[in-house]
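Data first, discussion second: the structure below is written as structure tokens.
All values below were derived from every heavy atom in this structure, side-chain atoms included, with hydrogens, water molecules and symmetry-related copies excluded. Just so we're clear, the structure is a prediction, and the values are computed from it rather than from any experiment. Order of appearance sets the numbers: ligands from 1, and atoms from 1 within every ligand.
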Amino acid sequence: MENLKKRATFASKIGVVAAAAGSAIGLGNIWRFPSQTADSGGAIFILVYIGCILFFGIPLMVSEFLVGRASRANTAGAYHKLAPGTQWKWVGRLGVLTGFVIMGFYMVVCGWTLVYFFQSLSGHLSGVTDFTANFTALQDNHVKQIGWMIVFTFLTTFFILSGVKKGIERSAKILMPLLFLLLVILAIRAITLDGAVEGLNFLFKPDLAHVKPTVFLDAMGQSFFSLSIGMGCMVTYGSYFNDKTPLVKTSVQVSVLDTLVAVLAGMVIFPAAFALTANHGTIVDSLVAGGPGLLFITLPELFNQMPGSMIWSALFFCLLALAALTSTISLMEVVTVYIHEEYRIPRRSSTLLVAVGVIVLGVISSFSPSFFNFLDVSSAKFMLPIGGFFISLFVGWRLDRQLVYAQLTNEGALKFGVGFLKTYIFLLRYVAPIAILAIFIYGLAA
Ligand code: TRP
């Protein structure tokens, strides 16, 4: 147990929120959320999304924190410790696999952000007239795409291995608010464009004509993905929390911040897309067709509407890459710590092992958009909800009630009403698992 004593804990309160928010806020909010929203018809998707955050997102994040802090172990070891000799360890293992699958396409998008950062710096982006063609050219240039994906993977590895990780958490506390501010400025610019109102309507005015039967599964998957729940990422972070960290409050703060960033990203992209696309008749179709390229096509177009476009876009893609980095660090950390602690492989070797695995998946994703899509869909719409389903059952049914209450209240130091604690257990025992299962089956049938 020697190495468990040595586990680091987050020093300051703000450090706790910053690290968990750093994991949650990433490409999921700024890249994936808008394209999912476009795909699922706008405002109704957002409503369902917010419902998912409230009814199972927040309770599940609390649960992951709780499992992590109660066990002080990696995501698979946590189940060993809290439920020794049972099959619950498979939930942890599924999470590790999910981490691999997510990184297998996520790193490719991280590579894109680096490419766009350098295209901004070199002035290339300001000179582009056809942004769709610019993005397609990148997708077709496998060498470039793979090269930058590898760069990003090793960048993540570097931060995992060196103590600089704390440095990145500290700098994220300054840089993430800056990203937020930048999004606010961009939203104002986008909304004041001619024709932007239609974009806002698409985002905030529910229109049944656009709704798809898969909207529930899409929104649920996106909520898990965006909050980094369902694979044990927050279990690992929870294992670093100290005894005073308020689990419920932290989850609420992280979820609110995460949702704000996502909605803000939507308020940049949709007004811009509607205002800047010539053919309004087919706008929704082309938004959907934009698919994974939406962000990388619409935003540079918006920057070109602003004085000093080069500076805005360089700043934006740099901050986006950093937001993505704090997310990839959290993903890679889960998988690495698992291999390190469970198989007793030295930290350095296990990190390299993970990096190689991720690069292999990333190379295949670069060559095959359908493989990319397969990894995206199977993680967000299958693996994360399944993981979330089992975590809710684990905390709701398997864990000792006294232990759960002690964790939630920090051994009685925080005062929650009995009603609150009972509601939490009720959500985990019945609401979350039944809703997840129902949405899952309905989504598959649709
Ligand atoms: N939440 C991150 C984002 O929105 C991605 C991420 C990091 C993630 N860790 C995760 C997603 C764990 C699911 C599970 O970009």
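Every atom of ligand 1 is numbered from 1 in the order shown, and the set under 4.0 Å from a heavy atom of I102 is 11 (C), 13 (C), 14 (C). Residue contact check: S330 has heavy atoms under 4.0 Å from atoms 7 (C), 9 (N) of ligand 1. Near N29, with a cut-off below 4.0 Å to any heavy atom, the atoms of ligand 1 are 4 (O). With ligand atoms numbered from 1 in the order given, ligand 1 contributes 1 (N), 4 (O) to contacts under 4.0 Å with heavy atoms of S226. Distances below 4.0 Å separate heavy atoms of G28 from the following atoms of ligand 1: 3 (C), 4 (O), 15 (O). Each of the atoms 12 (C), 14 (C) of ligand 1 lies under 4.0 Å from some heavy atom of M231.
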Worksheet item: Under the side-chain hydrogen bond (donor to acceptor under 3.5 Å, both in side chains) criterion, do T245 and N242 qualify, and how do the steps go?
Response: CA-CA 6 Å; T245 308; N242 65 33; 3.2 Å; yes
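From the protein, the heavy atom lying nearest to atom 3 (C) of ligand 1 is A24 O, 3.2 Å.
With atom 6 (C) of ligand 1 as the reference point, the heavy atom nearest to it among C110, A380, S228 is part of S228.
A 6.0 Å sphere centred on CZ of F55 holds no more than 12 heavy atoms belonging to other residues, nucleotides or ligands.
At least one N or O atom of F225 sits closer than 3.5 Å to an N or O atom of ligand 1. Any N or O atom pair closer than 3.5 Å counts here, and L227 shares no such pair with ligand 1.
At least one donor-acceptor pair under 3.5 Å links the side chain of Y116 to the backbone N or O of F296.
If you look at C233 next to ligand 1, the close heavy atoms, those under 4.0 Å, all belong to the side chain.
A parallel orientation is assigned to the rings of W112 and F372, their planes being inclined by less than 30° (bins at 30° and 60°). Relative ring orientation between F394 and Y79 is described as perpendicular, the plane-to-plane angle rising above 60° on a 0-90° scale split at 30° and 60°.
Aromatic rings from F390 and W90 are positioned such that their centres are separated by 6.0 Å or more.
With I425 as the fixed residue, the side-chain contact (heavy atoms from CB on, under 4.5 Å) test singles out one of V404, L399, V395: V404.
Distance check: F100 CZ to L375 CG gives 12.0 Å after rounding to the nearest 0.5 Å.
Using a 4.0 Å heavy-atom cutoff, Y106 is listed among the residues neighbouring ligand 1.
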